[in-house]
Amino acid sequence: MQLVVARIGRAHGIKGEVTVEVRTDEPELRLGPGAVLVTDPASAGPLTIASGRVHSGRLLLRFEGVRDRNAAEALRNTLLIAEVDPAELPEDPDEFYDHQLIDLDVVLADGTEIGRITEITHLPSQDLFIVERPDGREVMIPFVEEIVTEIDLEEQRAVITPPPGLIDESQAVIASSREEGTTDGTPADRTRPDEARAGGAQADGNRADGSGEGV
């Protein structure tokens, strides 16, 4: 199975290095020296990683055969794709790859059907489940432990406890504005999902904890 592990950014320096947007929680495994990666577009690869280092908080890679800035710049926006065994699982039991989460049924704690996970979106702050409702509508559910309380791969379901308004907008808590003369101007705070990750999806198969190898 092929999983996206990174996207090449701009060239760095004059010796062929590039910045990369990492989409895996296992860069030391997926993006280490000697790793051979398929590319999208296919014409850009395959690429073999010659070396890697961290500079100012960003991962820099150099590929075999890419020796100058022009060659590096030509790779910009190329996706790096790793071959992964579909049976491979993350070491952390609270982490999941994207392919494990796609098509899971999403239900409430009482068993009420919410929909089916059709996509995982990876944002800098958190991961999102894109869930298709039975009526065809889509809702976005943050993959954080306060909302996604259980992932049961055997039963192929994700159990959620959504705050008001996340699934049904008619249930949203509306903050009242403070006005003179009103008897109670205290605004009601709308519940916001915590941005801390809880075993989320990784772009590497994409893990439930966040960054990942989107397919």
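The two atoms that bring P162 and I147 nearest to each other are CA-CG2, 4.3 Å, heavy atoms only. The minimum heavy-atom distance between V18 and A72, with the atom names listed, is CG1-CB, 3.5 Å. In this structure, G52 and L61 approach most closely via the heavy-atom pair CA-CD2, 3.9 Å. Scanning both residues, L153 and Q156, for their nearest heavy atoms gives O-NE2, 2.8 Å. Closest heavy-atom contact between A35 and R30: CB-O, 3.6 Å. Contact between V36 and P46 at its shortest, heavy atoms only, is CG1-CB, 4.2 Å.
Here the side chains of V107 and I114 are not in contact, with every heavy-atom distance at 4.5 Å or above. Side-chain contact between T78 and P41: present, with at least one pair of heavy atoms (C-beta onward) separated by less than 4.5 Å. By the 4.5 Å heavy-atom criterion applied to side chains, R7 and L79 are counted as neighbours. Between I49 and L31, the closest side-chain pair of non-hydrogen atoms falls below 4.5 Å. A 4.5 Å side-chain heavy-atom check between E155 and D105 finds every atom pair outside the cut-off. Residues L166 and P142 form a side-chain contact, since some pair of their non-hydrogen atoms from C-beta on lies under 4.5 Å apart.
Of the residues listed (L75, V22, V4, L37), the one engaging L80 in a side chain to side chain contact (heavy atoms under 4.5 Å, CB included) is L37, and it is the only one. Results of the side chain to side chain contact (heavy atoms under 4.5 Å, CB included) test with F143 over I160, L128, L101 single out L101 as the only residue that passes.
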query: So T19 and H55, side-chain contact (heavy atoms from CB on, under 4.5 Å) or not? Walk me through it.
result: CA-CA 9 Å; T19 61; H55 175 73; over 6 Å; no
- prompt: Taking it one step at a time, do V20 and L60 satisfy side-chain contact (heavy atoms from CB on, under 4.5 Å)?
  reply: CA-CA 6 Å; V20 294; L60 302 180; over 6 Å; no
Stepwise side-chain contact (heavy atoms from CB on, under 4.5 Å) test for V5 and I81: CA-CA 6 Å; V5 294; I81 302 168; over 6 Å; no
- request: Given salt bridge (Lys or Arg N to Asp or Glu O under 4.0 Å), test R53 with E17 step by step and report yes or no.
  value: CA-CA 10 Å; R53 65 189 179 97; E17 285 185 313; 2.8 Å; yes
message: Applying side-chain contact (heavy atoms from CB on, under 4.5 Å) to R116 and V131, what does each step give before you reach the verdict?
response: CA-CA 5 Å; R116 178 179 61 88; V131 176; 5.7 Å; no
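Atom CG of residue L47 and atom CZ of residue F63 lie 5.0 Å apart, to the nearest 0.5 angstrom. To the nearest 0.5 angstrom, E64 atom CD is 5.0 Å from T48 atom OG1. T118 OG1 to D103 CG: the interatomic distance, rounded to the nearest 0.5 Å, is 8.5 Å. Atom CD1 of I102 sits about 8.5 Å away from atom CZ of F129, to the nearest 0.5 Å. For the atom pair CD1 (I14) and CG (N70), the distance works out to 11.0 Å, reported to the nearest 0.5 Å. Interatomic distance, CD of E21 versus CG of N77, reported as 9.5 Å (0.5 Å rounding).
A 6.0 Å sphere centred on CG of L108 holds more than 12 heavy atoms belonging to other residues, nucleotides or ligands. Within 6.0 Å of atom CZ in R10, 12 or fewer heavy atoms from other residues, nucleotides or ligands are found, so the atom counts as exposed in its surroundings.
Looking at R67, its side chain never comes within 3.5 Å of a backbone N or O of G16 through a donor-acceptor pair.
Residues E132 and R137 are not paired through a salt bridge, judged by the lack of any N-O separation under 4.0 Å between the basic side chain and the carboxylate. Taking 4.0 Å as the cut-off between side-chain N and carboxylate O, K15 and D68 do not count as a salt-bridged pair.
The hydrophobic cluster containing V144 does not contain V159, counting ILVMFWY residues as joined when their side-chain heavy atoms lie under 4.5 angstrom apart, directly or transitively.
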